[in-house]
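Down below is the structure, laid out as structure tokens.
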Amino acid sequence: MTGLQIVQIPVLSDNYVYLVHEPRDRLTGVVDPSLAEPVLETLDRQGWKLDYIINTHHHWDHTGGNVALKAETGAFIVGPQAEAQRIPLIDRALKEGERFRFGQAEAQILDIPGHTSGHIAYWFEPDDVLFCGDTLFSLGCGRLFEGTPAQMWNSLSKIRRLPDSTRVYCGHEYTEANGRFALTVEPENADLISMMARIRATRARGQPTVPSRLGDEKAANPFLRADKRELQAAIGMAGSDPVAVFARVRSQKDNFRG
Ligand code: ZN
Ligand code: FE
């Protein structure tokens, strides 16, 4: 544990931008800044100075603040190597196997393509923190804009191998709608039912459901469960290839109007 402090900034209709602060060396980063202004305001309120911009993938709602924030603060920008040409003003391109040192803290980089072709995650293992952009959502996963079901299933399986105690900081507050869909896939999943009850109560109070706990996602998120007997049986695909099961559930979600 390095005592990482995380401040969550809701922006646009449902994005989350995160300030990450390492208190010993007093370093601050921002993960996936959609916009500059709310980030600058929050930095000001915290009394922090921005050192790093940390991007998970190239979409504008995750990088839109790069240029203005760099102009304002001189922050150093890190992002995915495989999308380096699409990350505005990137200074250092990262890929799986590399580490991003952040003061006393350090993130391991995971390649998790599928939503975009070069999407990465930042795993701060000692702090149990994962920034996974639009790959894994609470009770959902990102749309396959640039990848195949096999790639996305492989990426999600990689995330599933991390400890249950990992806190999942994803890019959007989509949880309740994801959960409504998940219940159509596995209506009898007791973990999902109880998680959804907690989520509805949280949203009714106007509070964020993010971060979630990876252990809960493993038990309830249908996109992490394509190889589970219970899920396969629930959709009439017992014994099928997990990639085919994942692809079926993903396309059902694409067409879900709930
Ligand atoms: Zn995205
Ligand atoms: Fe996004």
Side-chain angles (χ1 to χ4, degrees), residues 6-20 29-39 42 53-69 77-90 93-96 107 109-123 129-156 158-159 167-179 181 203 208-212 217 221 223-224 246-247 249-251 253-254 256:
I6 299 174
V7 176
Q8 192 158 343
I9 313 173
V11 303
L12 305 175
S13 55
D14 47 38
N15 276 77
Y16 286 125
V17 175
Y18 301 102
L19 286 189
V20 195
V30 62
V31 178
D32 284 353
S34 322
L35 302 164
E37 211 43 56
V39 173
T42 310
I53 295 169
I54 301 166
N55 295 132
T56 62
H57 68 295
H58 70 84
H59 284 158
W60 68 272
D61 61 316
H62 299 255
T63 58
N66 279 23
V67 171
L69 284 171
I77 303 182
V78 300
Q81 181 170 75
E83 299 179 359
Q85 298 78 1
R86 297 189 282 177
I87 304 289
L89 302 182
I90 190 169
L94 295 164
K95 63 174 188 306
E96 183 151 305
I109 306 304
L110 307 177
D111 283 334
I112 49 168
H115 175 69
T116 62
S117 61
H119 202 305
I120 59 173
Y122 298 82
W123 179 33
V129 166
L130 178 74
F131 293 106
C132 56
D134 290 354
T135 299
L136 176 65
F137 294 125
S138 185
L139 296 183
C141 77
R143 282 180 189 263
L144 306 185
F145 288 119
E146 299 174 9
T148 64
Q151 273 180 322
M152 191 60 146
W153 173 244
N154 186 255
S155 295
L156 293 169
K158 203 181 277 184
I159 292 173
R167 283 166 296 153
V168 179
Y169 288 86
C170 61
H172 293 266
E173 178 64 60
Y174 288 157
T175 314
E176 190 171 4
N178 286 341
F181 170 74
R203 294 309 289 158
T209 64
V210 177
S212 62
E217 298 299 334
N221 186 327
F223 297 102
L224 295 179
F246 173 82
V249 177
R250 185 58 260 180
S251 81
K253 174 69 164 72
D254 290 341
F256 180 67

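Any value given below was found using the heavy atoms of this structure, including those in side chains, with hydrogens, waters and symmetry copies removed. As the structure lists them, so they are numbered: ligands from 1, and atoms in each ligand from 1. Treat the numbers as computed from the prediction; the structure is a model and nothing was measured.
- Distance check for His59 against the Zn ion (ligand 1): an N/O/S atom falls below 2.8 Å.
- Take the Fe ion (ligand 2) as the corner point: the lines to NE2 of His172 and to OD2 of Asp61 open at 90°, to the nearest 10 degrees.
- Looking only at its N/O/S atoms, His62 has NE2 as the one nearest to the Fe ion (ligand 2).
- Counting backbone and side-chain atoms alike, His57 contributes no N/O/S atom closer than 2.8 Å to the Fe ion (ligand 2).
- Taking the six-membered ring for Trp and the full ring otherwise, the centers of His59 and His119 sit at least 6.0 Å from each other.
- The distance from the Zn ion (ligand 1) to the nearest N/O/S atom of Asp61 is not under 2.8 Å.
- In this structure, Asp254 pairs ionically with Arg143, as a charged nitrogen and a carboxylate oxygen lie closer than 4.0 Å.
- Asp32 contributes a side-chain N or O that, together with a main-chain N or O of Thr56, makes up a donor-acceptor pair within less than 3.5 Å.
- In this structure, Tyr18 contributes its side chain and Gly171 its backbone to no donor-acceptor pair below 3.5 Å.
- Between Ile6 and Phe131, the closest side-chain pair of non-hydrogen atoms falls below 4.5 Å.
- Of all N/O/S atoms in Asp134, OD2 sits nearest the Fe ion (ligand 2).
- Between the Zn ion (ligand 1) and the N, O or S atoms of Asp134, the shortest distance is to OD2.
- Side-chain contact check for His57 and Glu146: no donor-acceptor pair (N or O, by modelled atom type) lies under 3.5 Å.
- Among the atoms of His115, an N, O or S atom falls under 2.8 Å from the Zn ion (ligand 1).
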